[in-house]
Amino acid sequence: MKPLIAKFMIAATSTSLFPREGPPEFAFLGRSNVGKSSLINSLLGQKLAHVSSTPGRTRSINFIGIYEKSSQPLPQLVLVDLPGYGYAKLSRSISAEWPAFIDPYLRDRQTLQLAIVLIDSNVPAQNSDRQLIEFLTSRDRDFLVVATKSDRLSTNKLRPTLNSLAREHGVASVIPYSAKTGAGKSELWREIRRRAGA
């Protein structure tokens, strides 16, 4: 795959700040310590998503444009980094923000092609992740479940763990991903580009 041209577009803290709808969008969601920013930076091959030692720092919806040429006026597709959820110290304040601009994004955004639900491959299935999947299903949103930090599991443990997580989340399959080794990167890009028509 040729090198990406990725540009940070805007950090939106309200629906009024969302970019005008146009290119297909791919949203990344997950609990605050799931490694979301690391995964996005791994996909891009550069550090555009902020990685913090304190989970739950992302409090805005961050839009990142992907371009074929730097001269393009509009991106070919957009990666969307949503605030995390479920971190004990911040869960109440973040949960309060969801109805204001995160729910409307997931519910109403017509250019949202795919929601990428990130779960940690090293922890048991979480109720907050199940609730998100149920919400997306109720809204007829296309989604994928991706298990982060898969490099921490041995080869013998990885496949049974993924099968168990898929079963507990009620999905057909879970894609393993490692921001550290890049495992899963090609498969996830393939899913994104297929839906983007790229």
Side-chain angles (χ1 to χ4, degrees), residues 1-9 11 25-67 75-87 90 94 102 113-126 128-129 132-133 136 143-166 168-169 171 173-196 198:
M1 188 172 70
K2 59 186 178 182
L4 296 169
I5 300 171
K7 300 177 185 178
F8 188 86
M9 296 170 66
E25 296 177 358
F26 298 84
F28 293 80
L29 306 99
R31 286 180 296 110
S32 300
N33 53 355
V34 77
K36 179 162 50 69
S37 296
S38 296
L39 181 145
I40 292 172
N41 289 333
S42 166
L43 276 177
L44 298 176
Q46 56 184 295
K47 292 185 178 180
L48 281 184
H50 180 64
V51 179
S52 173
S53 58
T54 304
R57 277 288 173 85
T58 302
R59 306 298 290 273
S60 57
I61 298 181
N62 299 321
F63 294 79
I64 299 169
I66 307 298
Y67 302 78
Q76 183 182 24
L77 57 93
V78 178
L79 304 187
V80 185
D81 181 7
L82 276 78
Y85 55 86
Y87 185 64
L90 291 170
I94 289 177
I102 302 172
Q113 288 290 112
L114 179 69
I116 299 164
V117 178
L118 306 182
I119 61 175
D120 190 330
S121 61
N122 298 272
V123 301
Q126 302 291 301
S128 53
D129 296 329
L132 174 60
I133 289 170
L136 294 170
F143 67 89
L144 284 177
V145 178
V146 175
T148 62
K149 308 176 187 179
S150 64
D151 56 280
R152 298 182 184 179
L153 292 172
S154 68
T155 304
N156 290 338
K157 287 185 177 179
L158 182 59
R159 184 50 53 189
T161 297
L162 294 174
N163 289 339
S164 175
L165 288 170
E168 291 183 54
H169 286 297
V171 296
S173 63
V174 174
I175 298 174
Y177 197 102
S178 168
K180 186 175 181 180
T181 68
K185 179 176 178 177
S186 295
E187 185 176 358
L188 185 50
W189 265 123
R190 187 162 56 247
E191 295 290 343
I192 290 171
R193 291 190 178 281
R194 181 170 66 84
R195 289 168 172 82

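Positions are given from 1, in the same order as the sequence printed here.
By the 4.5 Å heavy-atom criterion applied to side chains, L43 and F28 are counted as neighbours. Annotation: side chain of P75 is not in contact with side chain of F63 (no heavy-atom distance under 4.5 Å). In this structure, I66 and I5 have side chains that are not in contact, with every pair of non-hydrogen atoms separated by 4.5 Å or more. E191 has its side chain within reach of I175: a pair of non-hydrogen atoms, C-beta onward, lies under 4.5 Å apart. Side-chain contact between V145 and I133 is present, with at least one heavy-atom pair separated by less than 4.5 Å. Looking at K185 and R190, their side chains never come closer than 4.5 Å, going by heavy atoms from C-beta outward. Under the 4.5 Å side-chain criterion, counting only non-hydrogen atoms from C-beta, M9 is not in contact with I64.
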Step by step, would you call L48 with I40 a side chain to side chain contact (heavy atoms under 4.5 Å, CB included)?
CA-CA 8 Å; L48 281 184; I40 292 172; over 6 Å; no

Verdict with reasoning, I116 to L118, per side chain to side chain contact (heavy atoms under 4.5 Å, CB included)
CA-CA 6 Å; I116 299 164; L118 306 182; 3.8 Å; yes

Assess the residue pair V78 and F26 against the criterion (side chain to side chain contact (heavy atoms under 4.5 Å, CB included)); give the C-alpha distance rounded to whole Å, side-chain angles, the decisive distance to 0.1 Å, and a yes or no.
CA-CA 6 Å; V78 178; F26 298 84; over 6 Å; no

List the steps, then state whether side chain to side chain contact (heavy atoms under 4.5 Å, CB included) holds for L44 with L79.
CA-CA 10 Å; L44 298 176; L79 304 187; 3.7 Å; yes

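Considering OG1 of T148 and OH of Y177, their distance stands at 10.5 Å, rounded to 0.5 Å. Atom-to-atom distance recorded for S186:OG and R193:CZ is 11.0 Å, nearest 0.5 angstrom. Separation of atoms CD1 (I61) and CG (L82) is listed at 4.5 Å; rounding is to 0.5 Å.
With sequence neighbours excluded, no residue forms a salt bridge (Lys or Arg N to Asp or Glu O under 4.0 Å) with E187. Take A147 and apply the side-chain contact (heavy atoms from CB on, under 4.5 Å) test, not counting sequence neighbours, and it matches I119, S121, L162, V174. Applying the side-chain hydrogen bond (donor to acceptor under 3.5 Å, both in side chains) test to T161 and every residue at least two apart in sequence or in another chain returns nothing. With sequence neighbours excluded, the residues that form a side-chain contact (heavy atoms from CB on, under 4.5 Å) with K47 are N41. Applying the side-chain contact (heavy atoms from CB on, under 4.5 Å) rule to S173 yields no partners; only residues at least two apart in sequence or on another chain are considered. Judged as a side-chain contact (heavy atoms from CB on, under 4.5 Å), and not counting sequence neighbours, the contacts of N122 are D120, K149, R152, L153. Take Q126 and apply the side-chain hydrogen bond (donor to acceptor under 3.5 Å, both in side chains) test, not counting sequence neighbours, and it matches no residue.
In summary, the side chains of N62 and S60 do present a donor paired with an acceptor at a separation below 3.5 Å, with no hydrogens or angles considered.
Counting heavy atoms of neighbouring residues, nucleotides and ligands inside a 6.0 Å radius, atom NZ of K7 exceeds 12 of them.
Under a 3.5 Å cut-off, the side chain of S178 and the backbone N or O of S150 do not form any donor-acceptor pair. With Q113 contributing its side chain and R195 its backbone, the two residues share a donor-acceptor pair below 3.5 Å.
The nearest pair of heavy atoms linking N156 to P160 is O-CD, 3.2 Å. Across K36 and G84, no two heavy atoms sit closer than the pair NZ-N, 4.3 Å.
In summary, of the residues considered (L188, I192, V117), a side chain to side chain contact (heavy atoms under 4.5 Å, CB included) with L144 occurs for L188 alone.
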